[in-house]
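Have a look at the structure below before the remarks.
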Amino acid sequence: MPKIYIIGFMGSGKSFTGKRLSALLGYKFYDIDSLFEEKYHFTIHDFFEKFGEEAFRKLESDLLISTHSFENAVISTGGGTPCFFENMEFIKENGISVYLKMPPEKILYRLNQSKKPRPLVKSLQGAELLATVKSLLEKREEYYLRADIIIEAKFVDPAEIVTMILKQLQGYLSESI
Ligand code: S3P
């Protein structure tokens, strides 16, 4: 039974898109960041402060692997999830992956609007933030670009993104029924 993994950089709208998509498909919605916070009773921000990124990545990967048993689910990952360990291989083997591709300038705009604290960029703003987004995105795109479906999310609004995903999913979903 199908699982759809939404991947992409921080601030690219993975949770919003995943939630909308799951509602339209009648699937359950999961968000790796929320699963983490519920399971470990720490906000991701506080966990990073106390235990550091390496410890976070290990637990994040374990949580991703625990989605193996989910059925009829849309799973929004964290921005870094596909880029560590064998996580992208796991995603490819276990579901249909959708990359929300966004240019750094749009990511920057959206991060500035967002209230979610993001430990990797929290002390940065302006040109420094843009430079960090660019270099991190450059490193991560080799993972993101392995997704089954790539959505150019540059000019379209969130509702349109969901329609575009649904259209492209049709072929995959009819194969898996
Ligand atoms: C991270 C992205 C965050 C969260 C953590 C690390 C990253 O999720 O998992 O702060 O490495 O890009 P969002 O992509 O939902 O912001």
Side-chain angles (χ1 to χ4, degrees), residues 3-22 28-67 70 73-91 95 97-125 128-147 149-154 158 161-162 165:
K3 281 191 277 291
I4 298 160
Y5 291 93
I6 312 285
I7 68 173
F9 206 81
M10 305 171 230
S12 59
K14 299 181 294 292
S15 302
F16 179 89
T17 306
K19 233 177 255 171
R20 287 283 283 268
L21 185 65
S22 67
K28 285 197 180 144
F29 172 70
Y30 301 91
D31 181 296
I32 300 279
D33 286 349
S34 308
L35 290 176
F36 186 98
E37 295 189 339
E38 279 158 28
K39 180 161 182 186
Y40 295 106
H41 307 289
F42 268 99
T43 63
I44 289 175
H45 174 271
D46 291 351
F47 190 92
F48 263 70
E49 294 260 292
K50 208 164 164 57
F51 304 105
E53 181 175 359
E54 215 178 304
F56 172 76
R57 294 302 172 195
K58 179 77 192 76
L59 297 179
E60 177 188 45
S61 183
D62 291 347
L63 271 177
L64 174 71
I65 289 164
S66 75
T67 65
F70 294 3
V74 177
I75 300 146
S76 293
T77 63
T81 315
C83 316
F84 291 84
F85 309 110
E86 309 288 297
N87 293 351
M88 194 58 202
E89 283 75 13
F90 173 88
I91 289 172
S97 43
V98 180
Y99 170 33
L100 303 184
K101 185 167 165 39
M102 229 174 233
E105 291 73 14
K106 184 158 180 183
I107 291 172
L108 178 74
Y109 174 80
R110 290 178 51 94
L111 286 176
N112 282 331
Q113 304 289 311
S114 167
K115 291 195 184 75
K116 180 177 173 178
R118 291 184 163 91
L120 291 182
V121 294
K122 72 169 183 177
S123 50
L124 306 173
Q125 23 178 330
E128 221 185 342
L129 177 57
L130 181 61
T132 302
V133 168
K134 278 185 178 163
S135 79
L136 209 48
L137 183 60
E138 221 167 86
K139 288 190 204 121
R140 290 180 169 185
E141 266 221 313
E142 66 167 295
Y143 299 94
Y144 297 154
L145 288 172
R146 292 174 59 201
I149 296 173
I150 297 173
I151 298 291
E152 291 286 347
K154 186 171 177 180
I161 289 175
V162 176
I165 297 173

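Numbering of ligands and ligand atoms starts at 1, following listing order.
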Quiz item: Going by atom types only, do Asn87 and Ser61 share a side-chain donor-acceptor pair under 3.5 Å?
Solution: yes

Quiz item: When you check the gap from the basic side-chain N to the acidic O, do Glu141 and Arg146 get nearer than 4.0 Å?
Solution: no

Practice problem: Indicate, with yes or no, if the rings of Phe36 and Phe47 have centres closer together than 6.0 Å. | Solution: yes

Quiz item: Is the gap between the ring centers of Phe51 and Phe42 under 6.0 Å?
Solution: yes

Quiz item: Is it true that Glu53 and Arg57 have a side-chain N and a carboxylate O under 4.0 angstrom from each other?
Solution: yes

Quiz item: Listing by chain and number, which residues have a heavy atom under 4.0 Å from ligand 1?
Solution: Met10, Lys14, Asp33, Ile44, Phe56, Arg57, Gly78, Gly79, Gly80, Lys116, Arg118, Pro119, Leu120, Arg140

Quiz item: How long is the gap from CG on Asp33 to CZ on Arg118, to the nearest 0.5 Å?
Solution: 8.5 Å

